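Both counts, for ligands and for their atoms, begin at 1 and track the order of listing. We use all heavy atoms of the structure for the numbers below, so side chains are in, but hydrogens, waters and symmetry mates are not. Fair warning: this is a prediction, and the values are worked out from it, not measured in the lab.
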Amino acid sequence: MKAARMKTPRRPVPKKPSNPCVKDPVGVYCRVRPLSRPDQECCIEVIDETTVQIHPPEGYRVFRNGEYRETQYSFKEVFGTLVVQKQLFDVVAKPLVEDLIRGKNGLLFTYGVTGSGKTHTMTGSPGDGGLLPRCLDMIFNSIGPFQAKRFVFKLDDKNGVDVQCEVDALLERQKRDAMPIPKTPSGKRQIDPEFADMINVQDHCKVEDVDEDNVYSVFVSYIEIYNNYIYDLLEEAPFEPIKPKPPQSKILREDQNHNMYVTGCTEVEVKSTEEAFEVFWRGQKKRRIANTQLNRESSRSHSVFIIKLAQAPLDADGDNVLQDKEQITLSQLSLVDLAGSERTNRTKAEGNRLREAGNINQSLMTLRTCIEILRENQMYGTNKMVPYRDSKLTHLFKNYFDGEGKVRMIVCVNPKAEDYEESLQVMRFAEMTQEVEVARPADRPICGLTPGRRFRNQTEEQAVSELLLQNFPPLPSCELLDINDDQTLPKVIEVLEQRHKLRQMLSEEIAKTVHAFKTVLQEFDSSVASKENYIQGKLSEKEKTIAGQKMELERLEKKIKTLEYKIHILEKTATIYEEDKRNLQQELESKSQQLQRQASDKRRMEARLQGMVTETSVKWEKECERRVAAKQLEMQNKLWVKDEKLKQLKAIVTEPKHEKPERPSRLRDREKPVQRAVSPPPAPPPSNPITQVPNSQRLVSNPRVHRRSNSCSNISVASCVMEWEQKTPSHKPASGTSNARNRQQEPEQNRDYNSSNRRRGMCWTGVTELPRHRDELEIEEDRCHRVSAAPSAHPVRLRHRRSRSAGERWVDHKPPSNVPTETVMQPQVPHAITVAAASEKALAKCDKYMLTHQELASDGEIETKLIKGDVFKTRGGGQAVQFTEIETLKQESPTGRKRRSSPSNRDQPEDAADSEWTDVETRCSVAVEMRAGSALGPGYQHHAQPK
Ligand code: ADP
Ligand code: MG
């Protein structure tokens, strides 16, 4: 069966968007590797320099129902199986190296399935170096003589570069050399013989128009992207053979020029191809070790070898680098060996491997997507966002696609039939990629200094030496033609002598110059040495300062930690206090609410109590009025009864005396004072000196001045009236029964205290039975006074009294504090010893004692009391006074005088009866008093003086 050969129609050339800046398409090259075995089925043929044709293998045709279709793919250039590494390098990599040296960036990557020859193309095989060593070789061939001293250029950790003078660079070199080299598995720093001849490139390929007025430095770094993690393959990790630490991944950052770079990535300054390749080899070895240790497959990782070239112009003298950061150009060439582009199922990966493969494919898928979108944006003028950030690989190279450099891709294919499908995918992607255009990077600005500075001095020296040689006298012809020629030799000798002299002069000159130069050199050396010392000193000082600052930093960090802890504690405390405050506020609110409640309760209670008080006072007022009315009624009744009784008494009193002739003589005797009271008093008997009171001092029974004993008499009269009232109906002297009844009516005190039985018996066993004996009245009077003056006084031992007629002598004790009363009646005791203070002397001479005492009565009037007593001799030879009685003198206003029995009865019409009663009462009382007064001796004679 012969299948019809069909040519795949070429895709129409995309209409390029009009862009003012010049753009170049991504250079895609295809390399077809030779078959491993000649008997292998081939599915790819190189048609011409730019075209390959791929056709399905035999088995595939059968499998796919006999479908047979050839496809052709065009690339910038196609390299067949016979093409050697140099050819490829010259076409693909050389322009990139040239760009690099001209200060432009470049990206070259190999793409294809595993085993398609990517690594072979990039790195090469033993004895057949790939693009990478060739690039390095070309770079160093080009810049070799113009390289800067190590450490003149210094890369910083922000993807930038700095320049320093040669002296500083020298010091840094010395410092680095003094540092111990960390022990690493690659510590031997020997190139593996396997790779040794890979760098044996004998091409001596170099860039022709290198700027000789610049100085150059090359830095290399080598990273690996595995599982979308970036690892630094040049990181000098301490070697731990027992349990090596897994490598730490790096992160991507954007520098100030928006270029992506790997942070903290090791960048080694290299000065030759060997050194650079040795660094590469070190990374490669590390990669292999890591793959073995972590059971990874190298074909699943992307490896990126980055060559950075720093260049800066020489100064005007052409001796040193221009110390101007702005003048430094840093370009880079990234050589990427991508992971196998095959799909997962092809590798039959499982578990972790599957995930790894997935990630690999993911990275490549992202690359494909990015390129697709770029192409779409460029072809159709859309502005879709290119998802560079979706994978580390595309993110790292995003700047290249954004126009930061030339991008080239070598698509590697293995023509074997097994790889047909994968190769087809690769071809499609590759063809699409070349439709993407990237902006051509602008040329580096030219330094303003005069070109050719480096060799200017060199040329001048050469000219001087030539001039000197010209000044030498020319040698004459030394040919001797004649034996007798005696001119030639002397001429030669002369010239030679001249030359010798000249030579000597020049030698001396040179020696002098050399000496001078040596001196200058020595001076310079010494100055350099001193400078070095000075710098060393400075350096050590700085180091000390740094150490001090580090310590300070540590101390501050500790302090920060402590303060943070304190802040934490204070925050906690504040929270607790706030909680407390909230609680207390709540409590306060509840308390104030309680207080308000209580206050309102209190107000309510007060209002209620006010109401109750008003109610009660109204009630009690009514009650009082009611009681007053009742009492008035009762008193009126009583008054009436008393009036009746008084009428009867009056009748009795005014009865003719002859009606009771049988009255005992004793009663008659007793009536005498009564009569005396009502009649003008007779002259006192001379036998009783005590009764001799001057008229002016006699107690007058006028309404204002009266004896206090009246009250006792009044009581007696009232009692008599009461008793009489009870006895009147019969008028019988039934003393036994009446006594009993009286006792019931009298107050308890009276009953206990007085000897009412006897008194009543004496006084009121009828009107006829008035007190018969002086002592009886005396006792009656005593009772009253003892209550107020001396309740605890001993009963008077009357039987010890001296006879009054015998002439008692009195001590009249009148304290000087007493107020003169201006009363008509004044106590006056004849033959008395008047003393202002109680004196034993006076008492010894007398047997009676009287103390005049004044006090303010309840009605505001002065009350004069005469406290009387008997003087006794004590056993010890002293004097004792036993008080026996008190007489009271008091003044009253006439308007204050009230009728004690019934004041409310004043308005009674019976004035006559009233006056009668008053008169009778007065008289009765005076009668009683007189009796008592006469009986007591030192009393007074009372004269009721009718007005
Ligand atoms: P990849 O890196 O794509 O997986 P390699 O570069 O490791 O593939 O190639 C696999 C094998 O094929 C290696 O042994 C290599 O020597 C060999 N090989 C690849 N390309 C070529 C070539 N162009 N010429 C000769 N041998 C090649
Ligand atoms: Mg490989």
Show me, by chain and number, every protein residue that has a heavy-atom distance under 4.0 Å to ligand 1.
Arg31, Arg33, Pro34, Val113, Thr114, Gly115, Ser116, Gly117, Lys118, Thr119, His120, Ser125

CZ on Arg375 to OG1 on Thr433, rounded to 0.5 Å:
9.0 Å

When you check the side-chain N and O atoms of Ser331 and Asn105, is any donor under 3.5 Å from an acceptor?
no

Any chance the side chains of Thr51 and Gln72 put a donor and an acceptor closer than 3.5 Å?
no

N, O or S from Thr119 under 2.8 Å to the Mg ion (ligand 2)
yes

Decide if the gap between the ring center of Tyr229 and the ring center of Tyr226 is smaller than 6.0 angstrom.
no

Are Lys118 and Asp337 ion-paired here, with the side-chain N under 4.0 Å from a carboxylate O?
no

Quick one: are the ring centres of Tyr222 and Phe305 less than 6.0 Å apart?
yes

